[in-house]
Each structure stands twice: as structure tokens, then as C-alpha cells.
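Structure first, then comments.
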Amino acid sequence: MAFLLRNSVASHLQSHSQRAQNDSLSQSRRQFHVEPGPREKALLAADPSLKRFKSHKKGVSRVKRLGDVLTIVVIAGCCYEIYVKAVMREEARNQAGASGASA
């Protein structure tokens, strides 16, 4: 039984290492640069009619920053509300316990 187990594990490791070698060969083939054809160059060229829709980096970074600030403000407000409710509930328990003990 141990002999069969050793053989199956060995064959699995061997096939795994062969797959890794085949992957490295296919990756090395992909690294060659192929010059794009005329159609690809035309598709990658800047289109002047789309220029007005192009986002500007400064504007995008400002909107991102504004979104981050608003997110932090909303989360802080939610945490504050949870804190206030917990404190109010604790005060209500203390008053109920104090009035129940004195009665």
C-alpha cells in the first residue's frame, strides 16, 4: 500500500513540475514584442472628438479626496450616534435600578 502511495505522490509531483516548466516556456514566448498593425494603431490614436470627455487628473483626485472625507464624516457620525444611544441606555438602566432599589 505504501508503495502505491509513494508512486502516486511521485507521479503527481513530477507532472506538477512538468506543468511549471511548460508555463515558464509559454511565458518566455509571450515576452517578445510584436509591432501593432495599422488597425491597432488607428484604434490607439487619440480621437479629437472625445477630448472634451477626458477626465483631468487634478479634478479626479479632488473628487476622490472629497469622497474620502465624506466617507470619514459619515462613519464618524454613525459611531457618535451609536455611542450616544449606548450612553443613554446605560443612564436609563442606572436610573431604573436606582429607583427600583429605593422603592
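The shown structure was predicted, so the numbers you read here are calculated from the model rather than taken from an experiment. FYI, the numbering just counts along the sequence from 1.
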Under a 4.5 Å side-chain heavy-atom rule over Ile, Leu, Val, Met, Phe, Trp and Tyr, are Met88 and Tyr80 clustered together? yes
Under the side chain to side chain contact (heavy atoms under 4.5 Å, CB included) criterion, do Lys41 and Glu35 qualify, and how do the steps go? CA-CA 9 Å; Lys41 286 182 181 178; Glu35 192 66 32; 4.0 Å; yes
Value for CG (Leu44) from CZ (Arg39), rounded to nearest 0.5 Å, stands at 11.0 Å
Output the distance between atom CG (Leu66) and atom OG1 (Thr71), rounded to the nearest 0.5 Å. 9.0 Å
Any donor-acceptor pair under 3.5 Å linking the side chain of Gln95 with the backbone of Ala92? no
Kindly give the heavy-atom pair with the smallest separation between Glu40 and Gly37, and that separation in Å. OE1-N, 3.0 Å
